[in-house]
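Protein chains get the first letters and strands the later ones, always in sequence-line order, with residue 1 at the start of each.
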Amino acid sequence: MTFTPWRSLGKKTGFTESSLAETLEGGQSFLWAKTASGSWLGTWGDNITELRIMSGSLEWRTPKQRTLERKEILRYLAIDSEYDAICNSLPWRSDPVLADAMKRFRGLRILRQPLSETLFCFLLSSVKSIPQIKDLCLKTAREFGEELVPGIHAIPTWERLAEVAEQDLRALKYGYRAKYVAATAARLAGEPDFLENCETMPYVEARSKLVELPGVGSKVADCALLFGGAKLEAFPVDTWIAKVMSDRYGMVGWSLDQIASFGRIHFGPYAGLAQQFLFSAVRAG
DNA sequence: CCGCAGCCTCCCCT
DNA sequence: AAGGGGAGGCTGC
């Protein structure tokens with residue numbers, strides 16, 4: 001596979017090796033992998049991109065048969081003029097736990113992934129570790145997804161997934177998640193505008209709409225909306241976040257929904273970004 | 001409204 | 001060496 005020449009996005013993106021790695025592989029997306037040369041190769045929707053940091057500057061290239069505009073990379077990676085202001089607006093001044101996490105992962109972003117594939121990946125995520133989720137996603141893409149370039153496949157559309165028998169998903173070791181995917185695919189195939197409508201709704205409405213889907217509870221809905229719907233006020237609470245909120249914020253015995261409500265209020269309109277900083281920090285130890 | 005077992009499979013542990 | 005317990009949740013009771 002031949003690639004375009006490397007192009008620079010500049011030194012001012014704020015990405016460091018650490019925050020780029022954490023952004024691409026820290027549990028937001030399951031479709032990136034580090035290459036032998038230390039760069040990152042990944043997909044979102046029909047897009048393929050390779051990223052690397054050279055002398056402090058973020059660089060990108062694509063396969064020649066599937067090129068992208070610079071602005072599409074900037075959009076996906078959420079590299080925009082608002083980032084610094086958003087970080088600054090988080091309550092780090094009065095929150096030393098958050099301040100420490102932000103310092104350790106300076107430059108960490110919330111990706112702008114397609115809602116459809118983000119929902120799919122998180123539907124597989126329950127009681128799975130990141131490597132296991134990646135494995136399921138890649139197997140599914142290879143089996144049922146469009147081949148974008150030789151050897152690299154997209155996550156299949158919900159329309160395509162609706163044609164797949166639950167039994168064939170079980171064969172890929174989905175376990176009990178197979179019936180969630182099959183049932184959600186059936187519903188979305190019958191309502192082609194469902195996800196598009198969710199994207200245009202305010203966060204609270206979109207969340208209650210998503211939770212109607214089989215296998216989608218508050219955590220999966222929040223992840224889909226934060227990482228795939230650019231709803232930055234979503235505050236997904238998984239076991240890691242529950243642990244940090246219990247250990248560091250004294251919220252011992254709080255329910256997951258209570259923690260989520262607290263998070264949205266305490267961290268504000270960009271609570272999801274705060275969540276990602278905390279998540280990275282607690283996972284790193 | 002809350003709490004809890006069960007669900008698939010994998011992995012780690014004894 | 002085989003078997004128990006738990007893992008980045010959801011559902012139904």
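Counting any heavy atom pair closer than 4.0 Å across all strands shown, A:Ser218 reaches sugar-phosphate atoms only and no base atom. Within the 4.0 angstrom heavy-atom criterion, base atoms lie near A:Gly27. Within the nucleic acid shown, A:Val127 comes within 4.0 Å of at least one base atom, counting heavy atoms only. Within 4.0 Å of A:Leu213, counting heavy atoms only, lie sugar-phosphate atoms of the nucleic acid but no base atom.
Here the P atom of nucleotide B:dC10 and the NZ atom of A:Lys139 are 7 Å apart, to the nearest Å. The distance from atom CZ of A:Arg177 to atom P of B:dC10 is 10 Å, rounded to the nearest whole Å. For A:Asp135 and C:dA7, the CG to P distance is 20 Å, given to the nearest whole Å. Atom CG of A:Leu123 is separated from atom P of B:dC7 by 19 Å (rounded to the nearest Å). At whole-Å resolution of the value, NZ in A:Lys219 and C1' in C:dT11 are 17 Å apart. Distance A:Asp257 CG to B:dC2 P: 8 Å, rounded to the nearest Å. B:dT9 atom P lies 6 Å from atom NZ of A:Lys173, rounded to whole Å. Summarising the geometry, the separation between CG on A:Asp222 and P on C:dC10 is reported as 9 Å, rounded to the nearest angstrom.
In this structure, the side chains of A:Phe194 and A:Trp158 stay at 4.5 Å or more apart for every pair of heavy atoms. With a 4.5 Å cut-off on side-chain heavy atoms, A:Asp222 and A:Phe235 do not count as touching.
When the nearest nucleotides of DNA chain C are assigned to A:Cys223 and A:Val216 by heavy-atom distance, the more 5′-ward of the two goes with A:Cys223.
A:Trp32 and A:Leu136 fall into different hydrophobic clusters, where Ile, Leu, Val, Met, Phe, Trp and Tyr side chains are chained together by heavy-atom contacts under 4.5 Å. The cluster map of Ile, Leu, Val, Met, Phe, Trp and Tyr, joined by side-chain heavy atoms under 4.5 Å apart, puts A:Tyr76 and A:Phe120 in different clusters.
B:dA5 and C:dG5 have their C1' atoms separated by 15 Å, given to the nearest Å. Between C:dG4 and B:dG6, the two P atoms lie 14 Å apart (nearest whole Å).
A donor-acceptor contact under 3.5 Å is not formed by the side chain of A:Arg170 with the base of B:dC8.
A salt bridge does not link A:Glu72 to A:Arg75: none of the charged nitrogens lies less than 4.0 Å from a carboxylate oxygen.
In this structure, of B:dC7, B:dT9, B:dC11, it is B:dC11 that holds the atom nearest to the side chain of A:Gln132.
In this structure B:dC8 sits in no base pair that meets the Watson-Crick or G-U test at under 3.5 Å.
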